[in-house]
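For reference, the structure discussed in these notes is given below.
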Amino acid sequence: MLDRIEQKIESGERLTFEDGLVLSRDPDLLRIGGMANRVRETRHGNKAYYVVNQHINYSNICKDVCLFCAFGKKREMDGAYELTLEEIYRKAEGLRASGADEIHIVGGLHPDYPYDFYKEMLSGLRDRHPNVHLKTFTAVEIDYLAELSGLTIQGTLEDLREAGLQSMTGGGAEIFAPKVRKKICATKISAERYMEIHGIAHRIGLRSTTTMLYGHIESDEDRVDHILRVRDQQDISGGFTAFIPLAFHPANTHLAHLPGPTAVTDLRCISVARLLLDNVDHIKSYWIMVGLKVAQLSLHYGADDIDGTVVEEHITHMAGATSPQEVTEPDLRRLIEEAGRQPIRRDSLYNEVSRPTAQPAIG
Ligand code: V47
C-alpha cells in the first residue's frame, strides 16, 4: 500500500482520504516519516523556521466549557484571571529586550469585556510596538467579537485590522468531525463557521494559521477528515500559512482519564499532515506541546517550523505540559542545528528576518 502512495507523491498526484488512513495506520512510521521528509525538503531544503515571539493570554475567563481545556475558567473558579490593558502593555514591554517580531494573543470568551477593550488592546500594542506583528484571536474569538461589535465577520475583521490586527491564529479548530466536536466542545462554533471565518479573512487579504487537536477521543478517520477539510478550504481561499497539529494534554481537564498522545502519534500526525496538505507551505511542530525533543525530531518527519520563544504559556501548562515556558533564541537555533537543519528566523508571514539574532549568554 505504501508503494502506491509513494508513487503518487513522487508523481505529484493528490492523496485521498483512504491514503490518509493507510498513512495513519501503517506500522512503518520510519518510511512514512521519510516520505514526509522528502516532501519537506523539496519545499524548504534544509531550512527550519522559528519566530522570536511572545504569547499573551489576556484572560482565561470563558463563557464556554470545552472538555479538553484546563485554561478556560468561570469567573468564580480558582485560577481565573483577567488582565487590564495596562497589565497587557506591561507584559509586552518584554518585547523591547527580546526584539521580538510577533505577539500572539488569544484568550477565553470573556463574558464582560466590551468590544472596545479588544480594539484598544490592539491599537495600544501597535502604538507601543509598531514593528511587531500582531497575530491575534482565533476564529472562535472573531465570531464572538462580531457578536459584540454588531458588525459582520468581514466588518469586524476590517475594524480590528484598522486597530492593529495583522493576522489570525489557528486555535479553536479542535476536531472538525461533528460527532467528536459535539462531545468535546459542544458550544463552540462549527467546523463550517470556523472555515467561513478563515475564508473571509483570506478574502480580505489577511493570512492565518490552522490547527488540529489530536490524541483525545478522535479516530484516525476524524484526523484525516480534519486535515482534508483544511486542504479543501485552502483550495478555495489559499490564506493558510501553516498547519499545526496540537498534542492534547489531559491534566486538569474533563478528559483527565485519557493518557494523551505518545511521541509516535506526535510524529505520525506531523508526517500525515505534510503528505496530505499539498497546498499548505508550512507544517509547524509546536514545541510547547510536543516537547523540545520531539519538536527536534519532527524536523525529519515533515515539519519545517518549531514556532517560537513564546515567553509565557498558559493553555498547555495549565493542562500539565512539562516543557519549559520559554526557550531563548540561541537555544532554538542550537536545537535546530543539532538536528542537522539550518535555523531561519522568520516573521509571522514566513519572510526571513535578517536582523542580527540575540547572542547566547556568555558563561
Ligand atoms: O485553541 C486547549 C488547544 C489551542 C488544550 O496559530 C489544548 O500559530 C492541548 O492554537 N491540550 C491554543 N491543546 C494554542 C494554539 C496555537 C499555538 C501555537 C501556535 C498557533 C498558531 C496556535 O490549544 C486552543 C486549543 O485548540 N488546547 N487545551 C490541551 N489541554
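One-based numbering, in listed order, for ligands and for the atoms of each.
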Put together the list of close N/O pairs, under 3.5 Å, between ligand 1 and the protein, could you?
{"from": "ligand 1", "atom 1": "1 (O)", "to": "Gly172", "atom 2": "N", "distance (Å)": "2.9"}
{"from": "ligand 1", "atom 1": "6 (O)", "to": "Gly170", "atom 2": "N", "distance (Å)": "2.9"}
{"from": "ligand 1", "atom 1": "6 (O)", "to": "Thr209", "atom 2": "OG1", "distance (Å)": "2.6"}
{"from": "ligand 1", "atom 1": "8 (O)", "to": "Lys135", "atom 2": "NZ", "distance (Å)": "2.7"}
{"from": "ligand 1", "atom 1": "8 (O)", "to": "Lys284", "atom 2": "NZ", "distance (Å)": "2.8"}
{"from": "ligand 1", "atom 1": "10 (O)", "to": "Gly171", "atom 2": "N", "distance (Å)": "3.4"}
{"from": "ligand 1", "atom 1": "11 (N)", "to": "His249", "atom 2": "N", "distance (Å)": "2.9"}
{"from": "ligand 1", "atom 1": "26 (O)", "to": "Glu174", "atom 2": "OE1", "distance (Å)": "2.5"}
{"from": "ligand 1", "atom 1": "26 (O)", "to": "Glu174", "atom 2": "OE2", "distance (Å)": "3.4"}
{"from": "ligand 1", "atom 1": "30 (N)", "to": "Phe68", "atom 2": "O", "distance (Å)": "2.8"}
{"from": "ligand 1", "atom 1": "30 (N)", "to": "His249", "atom 2": "O", "distance (Å)": "2.8"}

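The existence of a salt bridge linking Asp101 and Arg345 is confirmed by a sub-4.0 Å separation between a basic side-chain nitrogen and an acidic carboxylate oxygen. Taking 4.0 Å as the cut-off between side-chain N and carboxylate O, Asp307 and Lys284 count as a salt-bridged pair.
Criterion: ILVMFWY side-chain heavy atoms under 4.5 Å apart, direct or through other members. Under it, Ile217 and Ile175 are part of a common hydrophobic cluster.
Counting only heavy atoms from C-beta outward, the side chains of Ile105 and Tyr58 approach each other to under 4.5 Å. Using a 4.5 Å heavy-atom threshold, the side chains of Thr136 and Met168 count as separate.
Defined by atom type and a distance below 3.5 Å, a donor-acceptor pair is missing between the side-chain atoms of Thr138 and Thr169.
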